[in-house]
Amino acid sequence: MLRPWQQAAYDEWNRKGRRGIVEAVAGTGKTVLGVRAAAEAVEAGSPVVAVVPDDAARERWLATMEETMPSCRIGSLAMPSRTWHVAVLTANTVARLRTADLDHHRALLIVDDLHRYGAGFWPTALTERFPHRLGFTDPLPPGDRTVDSVLLPYFGSVIAGCDYPRARADGHLAPVMVVQVGVELTPKERARLNQAQSLVEREIDTLTGSYGAPDRSEEFHVFVEQLRQGRGSGAHHANRYVQALGDRAALLAECRAKMDLVRSLPIDVLRETQTVVFAGRAVAAGTVAQFLSSAGVAAAISGPALRPEQRSALSAGLRERSVRVLVEQRVPDETVLVPHAELGLFLARSHDRTEMIRRLGRVVTSAHAGRPHVIVIAYVVGSIEDPAAGVDGSFLSVAHRLADNTVRTDVAGLTQFLTEWAGQAAAVAAEDHAVGAAAPSGVHLVAHDDADSEGADTHDPDDDDSVEDMAEAVPEYNDLLDQLTKLEFVATGDEVGDLIGVTDPRELLDEVQAAADAGLLTYRSLGEPTEDLLLVSAAVGGTRATREQAAAAIAQWAAESDDPVGELRSVMSQVGALTVPPHRLIQIAAFLRGRTPSGLL
């Protein structure tokens, strides 16, 4: 039997000629609705092709089909269509197929999690010979080019499914508590923030007053992005605005007090639950993961540079609970699932409502837990993040509207809160905790009207982190770390020194040693003939020990291997699951030999 929202969405899909995209947040039953549509199509004699993002989703679909469609024959497009009812394919499988392989089936096409596929996927999957089409997705971003030009013309209109308020009201999700923790900047950080904020405001005035940028946040974002693509003074001001946003975001996410907050977290709690930390840039993510790993917490970093085998190993660790903390960078890797997450810590955030919903979906999951899930929002007092300032409505409105309780506290109060939360007996029903969990000392209970005072519709152009995401932020520590990040986390000292203007080997070594002492990178001497250094950023993941082992293996291979190309696979196996791009290793080995990468290959 379908839930009320599922039935309403299914009826609407049928009324619209069995075409449409159903929006629903994670954990509310999209798979069940998809299987229902598949079952009715099979009963009517039509084959079904269901496309899912990964193997974990495929297993979920197959398990649901086995329960609700036990006589259904599962096949593949390599088999004659008369021998199977439903083919459940991963996106990777579809990407390898020729368009004709899909064309010859006049079937129902179901695509799960539309928001997780790249633009290059669609020409293969979205063929015109599927008369009936059903897509599922988290809420889609307004004004997205792929949505407007590809998905809506193919699937038809968007069908309202289940957003967070409805899911919360219907009891489909675990109860949620939001904890706001205010932190203070140092005087030096405050001066830098004021400078960045002043520049943001000046550029907004210039862009709106001199170049006609609209006032509304979403339209302003589109205008600035388009202006940046051109030349002249307009592009100059648009880029200055974006850079200032990046400076501000980096400072807010990576300030000393937020890093101290991470160090204050109760380690025993992190060891017994599963946590997602949203840390922003690679430098901050590396710092957080390094501290947690050194404290004995199994932590890992996700990011776009992960190789497929690394991503699979990370997903398995999260699924099997051997990885306890996932540290996410600015852009979440939605192919990595966090199935047991109960705690989310936001050090950096996006003010883009759609991305915020997807990030919250990491922690806000199906109602099966014996205690509320917790979302910790760290904010800088007196900044745009501060709830008292009333300008962070896009972020706070989403978080607070799904929360059963919202509390405010300081760092010490957070430690106490999490300790008490972790001690709650799992056997106690979740609903008993949703409204009855006592706030520990030092915690102020916030009424929902207060927490959501500005609402979701209050936006200023400078409060738009979706534009902010386009900027490369200035590093909190020094230029060396920033350039190392741009070089994909692995580089020689000479490469980085040239970029930051440090040519004295002793001066460079001092900077490298300081960053290594802070746990932000590992380095090794490359020896003769260059006497150069190999630098490995902490952002590649792993523990300090695994990074040191990897750096030693890479340094020996790069400087001494007689056959660096032939031995590349061997050194990559020694690097293990660390995010070390193979092409960077080839570039380093070629550089040390005075050759080009193509010449080495």
Side-chain angles (χ1 to χ4, degrees), residues 164-165 168 174-186 189-190 193 251-266 269-270 273 275-280 342-351 356 359-360 363-364 371-424 433-456 458 463 465:
Y164 272 129
R168 177 175 173 266
V176 174
M177 297 191 74
V178 171
V179 183
Q180 299 172 353
V181 185
V183 300
E184 297 281 357
L185 296 177
T186 66
E189 289 171 335
R190 179 63 66 178
L193 178 64
L251 179 60
L252 292 175
E254 300 171 13
C255 64
R256 180 180 302 175
K258 287 187 179 178
M259 296 300 105
D260 288 343
L261 183 151
V262 173
R263 295 182 179 93
S264 74
L265 295 173
V269 173
L270 298 181
T273 189
T275 302
V276 185
V277 179
F278 301 94
E342 296 179 89
L343 175 62
L345 171 59
F346 286 82
L347 302 176
R349 65 188 85 168
S350 170
H351 297 255
M356 172 63 6
R359 291 186 176 190
L360 289 170
V363 184
V364 183
R371 59 188 177 194
H373 291 194
V374 173
I375 297 169
V376 179
I377 301 173
Y379 67 91
V380 171
V381 175
S383 74
I384 62 165
E385 296 180 335
D386 192 336
V391 296
D392 202 12
S394 180
F395 178 91
L396 293 177
S397 64
V398 174
H400 291 304
R401 287 178 180 177
L402 64 88
D404 294 86
N405 275 344
T406 299
V407 298
R408 289 182 186 150
T409 187
D410 55 15
V411 173
L414 173 65
T415 301
Q416 182 177 351
F417 176 90
L418 293 177
T419 301
E420 294 182 7
W421 166 75
Q424 294 178 13
H433 292 290
V435 295
S441 59
V443 174
H444 167 60
L445 186 65
V446 181
H448 281 291
D449 290 342
D450 177 28
D452 200 18
S453 58
E454 291 299 311
T458 302
D463 186 36
D465 204 27

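Numbering of residues begins at 1 and proceeds along the displayed sequence.
Between the CZ atom of Arg408 and the OH atom of Tyr379 there is a distance of 6.0 Å, given to the nearest 0.5 Å. Between the CE atom in Met177 and the CH2 atom in Trp421 there is a gap of 11.0 Å [rounded to 0.5 Å]. Here Asp410 contributes atom CG and Gln416 contributes atom CD; the two are 10.0 Å apart, rounded to the nearest 0.5 Å. Leu343 contributes atom CG, which lies 7.5 Å from atom CG of Leu265 (distance to the nearest 0.5 angstrom). To the nearest 0.5 Å, atom CG of residue Leu185 and atom OG of residue Ser383 are 7.0 Å apart. Atom CZ of Arg263 sits about 9.5 Å away from atom CZ of Arg256, to the nearest 0.5 Å.
Scanning for side chain to side chain contact (heavy atoms under 4.5 Å, CB included) contacts around Ala378 gives Lys258, Leu261, Leu347, with sequence neighbours left out. Qualifying side chain to side chain donor-acceptor pair (under 3.5 Å) partners for Thr415, counting only residues two or more places apart in sequence or in other chains: none. With sequence neighbours left out, Thr186 forms a side chain to side chain donor-acceptor pair (under 3.5 Å) with Glu189.
Scanning all heavy atoms of the two residues, the minimum distance from Val411 to Val181 falls at N-CG1, 3.9 Å. Smallest separation of non-hydrogen atoms from Val380 and Glu385: N-OE1, 2.9 Å. Contact record, Ala279 with Ala253: O-CB, 4.4 Å, taken as the closest heavy-atom pair. Nearest heavy-atom pair, Asp386 versus Gly382, reported as atom, atom and distance to 0.1 Å: OD2-N, 2.9 Å.
For the pair Leu418/Leu270, no side-chain contact is recorded, criterion being any heavy-atom separation below 4.5 Å from C-beta on. Taking 4.5 Å as the limit, every side-chain heavy atom of Val183 sits out of range of all side-chain heavy atoms of Asp260.
When each of Ile375, Thr406, Ile377, Val407 is checked for a side chain to side chain contact (heavy atoms under 4.5 Å, CB included) with Val179, only Val407 meets the rule.
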Inset, instruction - Could you check Val262 against Leu345 for side chain to side chain contact (heavy atoms under 4.5 Å, CB included), going step by step and ending with a plain yes or no? - result: CA-CA 9 Å; Val262 173; Leu345 171 59; 4.2 Å; yes
